[in-house]
Number of protein chains: 2
Amino acid sequence: MKIQESAEMYLETILILSKKNHQVRSIDIANELNYAKPSVSVAMKNLRENGYIEMDSDLYITLTEKGRAIAEEMYERHTLLSEWLIFLGVDKKVATEDACRIEHVLSAESFEAIKKHVHGHISN
Amino acid sequence: MKIQESAEMYLETILILSKKNHQVRSIDIANELNYAKPSVSVAMKNLRENGYIEMDSDLYITLTEKGRAIAEEMYERHTLLSEWLIFLGVDKKVATEDACRIEHVLSAESFEAIKKHVHGHISN
DNA sequence: CGTATGAGTTAATTATAGCTAACCATATCT
DNA sequence: AGATATGGTTAGCTATAATTAACTCATACG
């Protein structure tokens, strides 16, 4: 089963939230994404059933190996793309929003090519 | 009503087909996009009702002012993005597919920034 | 003890956007 | 005239992914 764009978004959000908070619950994801609780609840059920996340008895969410791989891939894309758009003069908010949509539709090949190109421009 | 991604795709396809053929029918769009006839039929009905295209009595399709503006914007994005990805070393087929998805999710601001940047790299 | 709050869930609805099945109209071929 | 092919349409189905309404459950307040 091919992973869906929405699933990628949820996994990335879990990663981001677990970087700044220590524990992540469905409600935190709902707040972060401005989604209604049931939307997240259903999505988490799916991610759980497909082995992308685990939930302990207190309903705290952790990424599995498989889920983390996707989350980190998305996060890397997001970071690189938004930094690059900002570097090109795009407003930070707009750059972030755009990166957030582009990251899900890029092939691995194109991303690698962009990455190589960008590293020749931004020094960090 | 905000124009949908699928609508942008149809309008761009109509523009492309009308560049190479002289007349465009629903069936041509279906063949180009590898969609079933009814999918296109319904989509054309929508585009017609919202003033993006017109169909004469022989069912040949033309873009309205409004429809053409969107089609040309998409076409420009598509062209620039795919040329650029190819320039960065991405396989032509992959570049085209990626451009096709990115073109619909980019803000005007980001596209303009990318365009400016690309024009400093590719000379054509 | 009872009620309010917070978190999670289920069920039903909505929108987008594709599909197949079935049908109609026109034109062409024998 | 009858069969076939082409193009278009309608109706109904499917999948994804969000929503609201209504429910459960546990904890905390007073």
Side-chain angles (χ1 to χ4, degrees), chain A residues 1-14 17-18 21-63 67 70-71 74 97 100-105, chain B residues 1-14 17-18 21-63 67 70-71 74 97 100-105:
Chain A
M1 183 203 302
K2 200 213 152 246
I3 191 153
Q4 238 46 54
E5 230 178 275
S6 75
E8 291 178 349
M9 195 61 232
Y10 282 116
L11 294 172
E12 186 189 353
T13 303
I14 293 167
L17 287 175
S18 65
N21 313 337
H22 317 147
Q23 283 169 319
V24 182
R25 293 164 306 167
S26 287
I27 191 72
D28 304 317
I29 300 169
N31 291 334
E32 178 79 10
L33 295 175
N34 265 308
Y35 283 171
K37 278 191 303 173
S39 311
V40 180
S41 177
V42 171
M44 291 310 110
K45 193 184 163 206
N46 252 298
L47 292 177
R48 207 185 327 127
E49 285 171 359
N50 288 290
Y52 294 106
I53 63 169
E54 273 165 8
M55 280 166 97
D56 65 22
S57 53
D58 287 342
L59 304 177
Y60 287 110
I61 297 165
T62 46
L63 295 165
I70 294 165
M74 286 307 125
E97 286 165 1
C100 200
R101 288 191 304 269
I102 300 169
E103 70 194 27
H104 305 289
V105 302
Chain B
M1 187 203 298
K2 200 213 151 247
I3 191 152
Q4 239 46 52
E5 229 176 275
S6 75
E8 291 178 349
M9 196 61 231
Y10 282 118
L11 294 172
E12 185 187 356
T13 303
I14 293 167
L17 287 176
S18 65
N21 313 336
H22 318 147
Q23 283 169 319
V24 182
R25 294 163 306 167
S26 286
I27 191 73
D28 304 318
I29 300 169
N31 290 336
E32 178 79 12
L33 296 175
N34 267 306
Y35 283 171
K37 280 190 302 171
S39 310
V40 180
S41 178
V42 171
M44 291 308 110
K45 193 184 163 206
N46 252 298
L47 292 177
R48 208 185 324 126
E49 285 172 358
N50 288 289
Y52 293 108
I53 63 170
E54 272 165 10
M55 280 166 98
D56 66 20
S57 53
D58 287 341
L59 303 178
Y60 287 110
I61 296 165
T62 46
L63 294 166
I70 293 165
M74 286 306 125
E97 286 165 0
C100 203
R101 289 190 304 269
I102 299 169
E103 71 195 28
H104 304 290
V105 302

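Quick note on labels: first sequence line is chain A, next is B, and so on, each numbered from 1. Bear in mind that the values here come from a model prediction, so they are computed numbers and not experimental data.
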Check your understanding: Going 5' to 3' along DNA chain D, which nucleotides are the first and last within contact of chain A (any atom under 4.0 Å from a heavy atom)?
Key -> D:dT16 to D:dA21
Check your understanding: Is A:Asp56 reaching over with its side chain to a backbone N or O of A:Asp58, donor-acceptor style, under 3.5 angstrom?
Key -> yes
Practice item. Let me know the distance between CZ of B:Arg101 and P of C:dA17, rounded to the nearest Å. Key: 17 Å
Review point. Just wondering, do B:Glu5 and B:Val105 contact through their side chains at under 4.5 Å, heavy atoms?
Key: yes
Check your understanding: Shortest non-hydrogen contact from B:Met9 to B:Thr13?
Key -> O-OG1, 2.8 Å
Study note, to complete from the structure: When rounded to whole Å, the CD to P distance for the pair A:Gln23 and C:dA7 reads 13 Å
Practice item. Report the distance from atom CD1 of A:Ile29 to atom C1' of C:dT9, rounded to the nearest whole Å. Key: 15 Å
Could you tabulate the donor-acceptor pairs under 3.5 Å formed by side-chain atoms of residues 24-37 of chain B, not counting sequence neighbours?
{"unit_1": "B:Arg25", "atom_1": "NE", "unit_2": "B:Asp28", "atom_2": "OD2", "d": "3.4"}
{"unit_1": "B:Arg25", "atom_1": "NH2", "unit_2": "B:Asp28", "atom_2": "OD1", "d": "3.1"}
{"unit_1": "B:Asp28", "atom_1": "OD2", "unit_2": "B:Arg25", "atom_2": "N", "d": "2.8"}
{"unit_1": "B:Asn31", "atom_1": "ND2", "unit_2": "B:Ile27", "atom_2": "O", "d": "3.3"}

Revision key, fill the gap. Minimal heavy-atom distance between B:Arg48 and B:Met55, with the atoms involved, is NE-SD, 3.2 Å
Revision key, fill the gap. From the list B:Leu47, B:Ile70, B:Ile14, side-chain contact (heavy atoms from CB on, under 4.5 Å) partner of B:Leu63 resolves to B:Ile14
Check your understanding: Once you round it to whole Å, what is the distance between C1' of C:dT10 and CD of A:Glu49?
Key -> 13 Å
Review point. With a non-hydrogen cut-off below 4.0 angstrom, is B:Ser26 in contact with a base, only sugar-phosphate, or nothing?
Key: sugar-phosphate
Check your understanding: Among all residues two or more places apart in sequence or in another chain, which pass the side chain to side chain donor-acceptor pair (under 3.5 Å) test with B:Glu8?
Key -> B:His104
**Study point:** Whole-Å distance separating the CD atom of B:Gln4 from the P atom of C:dA15
**Key:** 12 Å
Revision key, fill the gap. Contacts of A:Glu97 meeting salt bridge (Lys or Arg N to Asp or Glu O under 4.0 Å) (sequence neighbours excluded), chain-then-number -> A:Lys93
Review point. Considering only heavy atoms, which members of residues 30-40 of chain A lie under 4.0 Å from some atom of DNA chain D?
Key: A:Asn34, A:Tyr35, A:Ala36, A:Pro38, A:Ser39
Study note, to complete from the structure: Scanning both residues in full, the closest heavy-atom pair of B:Tyr10 with B:Ser39 reads OH-O, 3.8 Å
Review point. Under a 4.5 Å cut-off applied to non-hydrogen side-chain atoms, are A:Ile61 and A:Met44 in contact?
Key: yes
Study note, to complete from the structure: In whole angstroms, the gap separating P of C:dA17 from CG of B:Asn50 amounts to 12 Å
Review point. From A:Glu103 CD over to B:Ile102 CD1, what is the distance, rounded to the nearest 0.5 angstrom?
Key: 12.0 Å
Exercise for review: Go through residues 5-13 of chain A and report each residue with a non-hydrogen atom lying under 4.0 Å from DNA chain C, sorted by number.
Suggested key: none
Check your understanding: B:Ile27 CD1 to C:dT26 P: how many Å, rounded?
Key -> 18 Å
